[in-house]
Amino acid sequence: MKRTIDDLALFGGPAAFLNTVTVGRPSIGDRARFESRMAWVLNNEWLTNSGPLVSEFEAEVAEVAGVRHCVATSNATVGLQLALHAAGVRGEVIMPAMTFAATPHAAAWIGLEPVFCDVDPVTGLVDPDDVKRRITERTGAVVGVHLWGQVAPVDELDRLAHEHGLTMIYDAAHALGCTRDGRRAGGFGDAEVFSFHATKVVTSFEGGALVTNDDTLAARARSMHNFGLGQGGQVELMGTNAKMSESSAAMGLTSLDAFPAVCEHNRLNHDLYAGELRGVKGLRVHELDGEESSNYQYVIVSVDGAQTGVDRDGIIAVLAAEQVVAKPYFSPPCHLMAPYRADPPPRIENAEWLASQVVALPTGPAVSSEDIRRICDVLRLVVANGEQVAGRLASATSTPT
């Protein structure tokens with residue numbers, strides 16, 4: 001245990017961990033089951049083009065999401081593009097500033113214009129009232145974002161989109177298995193898109209899925225994700241190549257096998273962090289609604305620098321020296337990123353405030369209760385000596401090399 005700030009690795013002490021503990025370490029599942037599936041793929045020489053493992057993966061994802069249709073894709077970014085294209089969206093797309101860059105990139109890359117709105121200052125979820133204020137005659141769609149294992153305020157957003165004749169798409173990258181009012185993410189709006197990137201709670205190496213209960217949209221998306229080919233093998237629509245490979249599906253199915261156990265492990269990790277950091281001034285573990293289901297993929301902590309004496313980025317730097325990779329989610333918010341920053345940039349106050357405060361701490365099957373206790377020991381020591389830590393960090397930054 002580290003007792004003084006001189007014990008911190010950043011100031012000369014030994015690192016708390018020999019091997020790096022990081023946010024987003026892959027949840028691989030049973031390696032032998034994956035290898036068995038891959039042996040089947042290689043033995044049958046069906047590597048891509050909507051093979052049987054992709055079809056099985058689509059059926060399992062649809063069941064988890066409680067929807068009729070699932071179109072597996074090569075990644076979630078192209079899945080969002082597919083959803084917007086298949087729905088025929090034009091013009092502006094309103095979305096929260098508090099999201100990963102892939103959300104606006106997906107729209108801008110296909111000629112749509114992202115319009116950023118604010119979020120709830122507590123949950124970080126998109127604010128329907130601010131969405132309403134930003135609707136114009138050029139608005140074609142709203143993209144809601146489910147964040148950190150929470151589902152966006154879907155009733156308000158779906159109603160708003162319906163009243164204004166807008167397409168409603170959800171970026172559900174964080175939300176597989178999560179609910180709002182007991183209803184599972186997947187069936188809200190016109191379509192939702194899951195991510196199965198390596199850092200997600202279910203991984204297919206790279207991958208995503210468009211899910212929907214809209215038969216027409218699903219049929220268009222399935223054609224478009226395969227070059228626009230129709231049932232007879234003729235090109236019927238303008239399309240792209242967004243198909244998931246059989247190897248990705250093999251990984252996805254193996255990861256899905258472990259999904260319930262991973263969620264339970266994540267829940268226990270979340271509860272342990274909350275207990276270990278309860279009462280630590282300036283640190284608040286982001287609470288999730290216990291009445292809803294969550295995958296607990298993220299442990300999000302808000303850092304109030306006025307109370308801790310050291311800001312969020314300082315804490316991230318201290319942890320990094322201890323071989324703990326913690327990450328800001330998301331900083332800066334999208335409207336302040338170079339591709340989207342206006343001059344002068346608009347103020348989107350809640351998103352900016354949250355983006356400066358929140359940090360994701362390591363969780364997942366590879367993170368043990370002992371790892372969490374060790375991380376929290378470091379955090380308690382840093383906060384107890386926040387001003388001294390901040391002073392040393394400032395001195396190190398200003399000292400010429």
Side-chain angles (χ1 to χ4, degrees), residues 9-10 15-29 75-76 98-103 124 145-150 171-178 194-207 255 258-259 261-274 276-277 280 283-288 294-303 311-333 354-379 382:
L10 198 61
F17 294 89
L18 178 62
N19 298 311
T20 302
V21 183
T22 184
V23 171
R25 189 167 175 178
S27 300
I28 292 172
N75 58 66
M98 191 71 177
T99 186
F100 184 53
T103 313
V145 176
H146 306 321
L147 193 66
W148 306 327
Q150 310 163 107
D171 179 336
H174 294 187
L176 186 71
C178 302
F194 294 121
S195 173
F196 303 115
H197 182 263
T199 59
K200 296 299 185 288
V201 68
V202 168
T203 178
S204 60
F205 299 137
E206 282 275 8
S255 191
F259 183 47
V262 170
C263 290
E264 178 60 13
H265 187 94
N266 286 349
R267 184 188 67 79
L268 294 173
N269 279 359
H270 188 279
D271 290 349
L272 182 56
Y273 271 116
E276 288 284 322
L277 296 178
V280 178
L283 298 186
R284 180 180 64 85
V285 177
H286 186 78
E287 296 180 5
L288 297 170
S294 177
N295 54 37
Y296 291 91
Q297 179 176 330
Y298 297 95
V299 175
I300 300 294
V301 175
S302 295
V303 180
D311 65 16
R312 187 272 311 274
D313 292 344
I315 287 175
I316 289 175
V318 170
L319 289 174
E322 303 293 345
Q323 293 281 67
V324 177
V325 178
K327 296 183 179 180
Y329 269 51
F330 298 98
S331 183
L354 269 177
S356 70
Q357 283 208 333
V358 298
V359 57
L361 298 178
T363 189
V367 177
S368 69
S369 56
E370 177 56 32
D371 294 336
I372 291 169
R373 292 188 181 96
R374 208 179 303 178
I375 291 167
C376 291
D377 281 343
V378 172
L379 290 171
V382 171

- Once you round to the nearest 0.5 Å, how far does CG of Leu147 lie from CZ of Phe330? 6.0 Å
- Query: Could you state the interatomic distance from NE2 (His286) to OG (Ser302), rounded to the nearest 0.5 Å?
  - Reply: 7.5 Å
- Query: Partners of Glu264 by side-chain hydrogen bond (donor to acceptor under 3.5 Å, both in side chains), sequence neighbours excluded?
  - Reply: Arg267
- Query: With Ser195, which residues qualify under side chain to side chain contact (heavy atoms under 4.5 Å, CB included), at least two apart?
  - Reply: Ala76, Ala173, His197, Lys200
Per-pair distances, 0.1 Å, donor-acceptor, side chain in residues 357-366, under 3.5 Å, sequence neighbours excluded:
from   : atom 1 : to     : atom 2 : distance (Å)
Gln357 : NE2    : Val303 : O      : 3.4
Thr363 : OG1    : Asn269 : ND2    : 3.0

- Taking side chain as C-beta onward, heavy atoms only, is Val382 less than 4.5 Å from Ile315? yes
- Contacts of Thr99 meeting side-chain hydrogen bond (donor to acceptor under 3.5 Å, both in side chains) (sequence neighbours excluded), chain-then-number -> Thr103
- Task: Test side-chain contact (heavy atoms from CB on, under 4.5 Å) on Val21 and Val325 and set out the steps.
- Result: CA-CA 6 Å; Val21 183; Val325 178; over 6 Å; no
- Residues at least two apart in sequence or cross-chain that pass side chain to side chain contact (heavy atoms under 4.5 Å, CB included) with Ala320, listed by chain then number, are none
- Residues which pass side-chain hydrogen bond (donor to acceptor under 3.5 Å, both in side chains) with Tyr273, listed by chain and number, not counting sequence neighbours: none
- Task: Return the set of residues passing side chain to side chain contact (heavy atoms under 4.5 Å, CB included) with Ser331 (not counting sequence neighbours), or none when no residue passes.
- Result: Arg312, Pro328, Ala355
- Query: Tell me the salt bridge (Lys or Arg N to Asp or Glu O under 4.0 Å) pairs involving residues 315-328, sequence neighbours left out?
  - Reply: Lys2-Glu322
- Task: Find out whether Val23 and Thr199 are in side-chain contact, i.e. whether some heavy atom of one side chain is under 4.5 Å from a heavy atom of the other.
- Result: no
- Message: Is the shortest side-chain heavy-atom distance between Val285 and His270 below 4.5 Å?
- Response: yes
- Who passes ring-ring contact (aromatic ring centres under 6.0 Å, His included) against Phe205, sequence neighbours left out? Phe34
- Message: I want to check something: taking the side chain as every heavy atom from C-beta on, are Thr203 and Phe196 in contact at a cut-off of under 4.5 Å?
- Response: no
- Looking at residues at least two apart in the chain, or sitting in another chain, which of them share a side-chain hydrogen bond (donor to acceptor under 3.5 Å, both in side chains) with Glu206? none
- Item | Heavy-atom side-chain contact between Cys263 and Phe259 under 4.5 Å | yes
- Note on the structure: For His265, the ring-ring contact (aromatic ring centres under 6.0 Å, His included) test, sequence neighbours excluded, returns none
- What distance do Gln323 atom CD and Thr20 atom OG1 have between them, rounded to the nearest 0.5 Å? 4.0 Å
- Task: List in chain and number order the residues that pass ring-ring contact (aromatic ring centres under 6.0 Å, His included) with Phe17, two or more places apart in sequence or in another chain; answer none if no residue qualifies.
- Result: none
- Message: Are more than 12 heavy atoms, taken from residues, nucleotides or ligands other than Arg25, located less than 6.0 Å from that residue's CZ atom?
- Response: no
- Arg373 and Leu272, any side-chain heavy atoms less than 4.5 Å apart: yes
- Item | Distance in Å, Glu276 CD paired with Ile372 CD1, rounded so as to fall on 0.5 Å steps | 8.5 Å
- Rounding to 0.5 Å, atoms SG (Cys178) and CD (Gln297) come to a distance of 8.5 Å
- Item | Test log, rule side-chain contact (heavy atoms from CB on, under 4.5 Å), inputs Val262 and Asn295 | CA-CA 8 Å; Val262 170; Asn295 54 37; over 6 Å; no
- Measure the OH-CH2 distance between Tyr329 and Trp148 for me, rounded to the nearest 0.5 Å. 11.0 Å
